[in-house]
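Computation of the quantities below employed the complete heavy-atom set of this structure, encompassing side-chain atoms and omitting hydrogens, waters and symmetry-equivalent molecules.
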Number of protein chains: 2
Amino acid sequence: MTETASRPTLEAVAARAGVSRATVSRVVNGGEGVREPLVERVRKAVEELGYVPNQAARSLVTRRHDAVAVVIAEPETRVFADPFFALQLRGISKELTAHDSQLVLLLTEGPEDYARVGRYLAGGHVDGALVFSLHLDDPLPALIQGAGVPTVFGGRPGWADGTRGDATTVYVDSDNRGGARDAVRHLVGLGRTRIAHITGPLDQTSAVDRLDGFRDVMVDADPRLIVEGDFTPAGGERAMRELLGRCPELDAVFAANDVSASGALRVLRELGRRVPEDVAVVGFDDMLPVAEQSDPPLTTVRQDIEEMGRLMARLLLRGLERRAPDEPGDQGPAGTPSSVVLPTTLVRRASA
Amino acid sequence: MTETASRPTLEAVAARAGVSRATVSRVVNGGEGVREPLVERVRKAVEELGYVPNQAARSLVTRRHDAVAVVIAEPETRVFADPFFALQLRGISKELTAHDSQLVLLLTEGPEDYARVGRYLAGGHVDGALVFSLHLDDPLPALIQGAGVPTVFGGRPGWADGTRGDATTVYVDSDNRGGARDAVRHLVGLGRTRIAHITGPLDQTSAVDRLDGFRDVMVDADPRLIVEGDFTPAGGERAMRELLGRCPELDAVFAANDVSASGALRVLRELGRRVPEDVAVVGFDDMLPVAEQSDPPLTTVRQDIEEMGRLMARLLLRGLERRAPDEPGDQGPAGTPSSVVLPTTLVRRASA
DNA sequence: ATGAAAGCGCTAACAT
DNA sequence: ATGTTAGCGCTTTCAT
């Protein structure tokens, strides 16, 4: 706990440099249209006084905050079950930093926090919001879009159906469906015929999209070969046992993410099934600590999570630039960035 | 991207309610000293207009921000190698939320970002800072303490030696040394005599403290039984091979964290050593996804990471309250919270 | 108990 | 090119 000294103001700097406040302001904000000798004098005064602009005062007049909110609604497990968000945050942080914007993190534990988030966003503290909309039925995203804050979503929100031309909702997502297709096609290419799927929680679009991808390839898949998981190791274990019970002769499994694949792997090992000889396994995510360290290492679908974060931030900032600095109302589709779906790549390791 | 409507001001609410701005302000800030009928009228006007206070304007006069910066300096790996920070953030977020404070996340990729962080903190955007000081030689913490912002550190900073009475630096840490002692004593209690230690990176106080704890019990430990790791699975593997090469007859290993323990486990399995029969293994952290899912499940030292985060925030906020709302200068040791070291507990599972 | 008025520190017209 | 000035929206004395 150190002391809070009262900071020098523009006024003080102006006095010291023997110029007006306006001139100091100009210098501080880039020095356009100020002659060199004056710039010099002001810089010196700023330096000597240790002047730092008061952001509150500045925001009050500019109505800009150089801050972006990141909203993560996750009642429980997942935030720390996998490093997904940490990576995404990293990407976001890098991009925001490059644009001198700050990252305000809004974590919610449940619906009781939503009002607070809505209030904050509506309160005009930030220039925009990056929102992770995980569950189909979650009211938060809608609430946020209602708050009148420019927003980019991480992952396709439930109401955006992925068809082109949906200009009102901007999101960044991986090509979950295409990635799943690649994974399943890989298994087919290996000569596997009884291919099972452990899904994610089907109230999340990523899980639904991966299931759709699975179905794209296995057009008339035996319904017994599809079991709902929940993106956790325990869920993967449970699902694997279920599958084996239903259909002992299966020869491949596509798990909707790496951690559930690791659970499946554990069950297969326990039951003496060799991987990949008896059962080939493919995951999704390429979460390194999981995929690379599992036994055997996991063949999986890689998505560049950090890049997704970076892109979300970039899209938001670009949209912010486009709108007139002060003018309310958006610029229409012309200036509005549209959603981006990033490609995935299959990473071959030992499990399939 | 939704449109940004221009928000109603205090003035507008006052007009609508037929009162002065001052009265509206009083109602909005708790309604002390305003008679019921008026309070009612104002509340109604606020509701109808959807008024939300402009925080910039408020901060400009109150000099409070109701925001706290969380600074995480982590060039690379660790932030996403384990869920440590996610948990800590969660704890911090919960506590801040309860006090209506916002969390501003400052991530740094390297020393080139330090100036930016320093500037931000010095700029008076936040009421205080929560700083994770991971490396002994990191200049960031000092820089921050110099910025004149009330700060609480996560993990003992290198310069704080842990002796009582160091009132200038406030930190929250686990009892790394005590926890390590418990772990090693447990192994001794199991009858193990050739106990090895895989340390963490010794430029971090947590790793040093755990090593000290190990030495407290193994007073004259064979130096060959101590190998430096780096808190990663790969480091754990490397260290385990090294140990086995140096001293094949070892019968126990205390790894400085769970992920390096999991690496060690993998090597032991690969080399046909049974755990715990041939070699007992104890980790540190009780990182559930790792400790519980490893094979065999890991006996480890649990620290309540989320609680650490919560406590950091609580300490900071308490310190903030103590100082006069506006008055510069701190209140001296009397009002200054002091550091807290949280106890750890040994969790017995199958590995030792 | 309520209102009037004075700024908080800054930017952005507008004047010079 | 530089200075002057009028607010941005709010809280907070100080009157009433």
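- In this structure, NE2 of H65(A) is placed 16 Å from P of dC10(C), rounded to the nearest angstrom.
- Put simply, CZ on R41(B) is 9 Å from P on dT2(C), counting in whole angstrom units.
- Of the residues in residues 15-39 of chain A, those lying under 4.0 Å from DNA chain D by heavy-atom distance are V19(A), S20(A), R21(A), A22(A), T23(A), R26(A), G33(A), V34(A), R35(A), L38(A).
- Rounded to whole Å, atom C1' of dT5(D) lies 15 Å from atom CG of L10(A).
- Between the C1' atom of dC10(C) and the CD atom of Q55(A) lies a distance of 10 Å, rounded to the nearest Å.
- Across the protein-nucleic acid pair, L60(B) atom CG and dG7(D) atom C1' stand 12 Å apart, rounded to whole Å.
- Atom-to-atom distance recorded for Y171(A):OH and L311(A):CG is 12.5 Å, nearest 0.5 angstrom.
- Shown here for V52(A) and R7(A), the closest heavy-atom pair between the two residues is CG2-NH1, 4.3 Å.
- With sequence neighbours excluded, no residue satisfies side-chain hydrogen bond (donor to acceptor under 3.5 Å, both in side chains) with R41(B).
- By the side-chain hydrogen bond (donor to acceptor under 3.5 Å, both in side chains) test, R26(A) is found to be paired with no residue, residues two or more places apart in sequence or in another chain being considered.
- In this entry the distance linking CZ of R7(A) with P of dC10(C) reads 11 Å, nearest Å.
- Side-chain rings of F132(B) and F153(B) stay apart, their centers remaining 6.0 Å or farther from each other.
- Within 6.0 Å of CD in E47(B) there are 12 or fewer heavy atoms belonging to other residues, nucleotides or ligands.
- Between D66(B) atom CG and dC10(D) atom C1' there is a gap of 14 Å when expressed in whole angstrom units.
- Straight-line distance from the CG atom of N54(A) to the C1' atom of dG9(D): 14 Å, rounded to whole Å.
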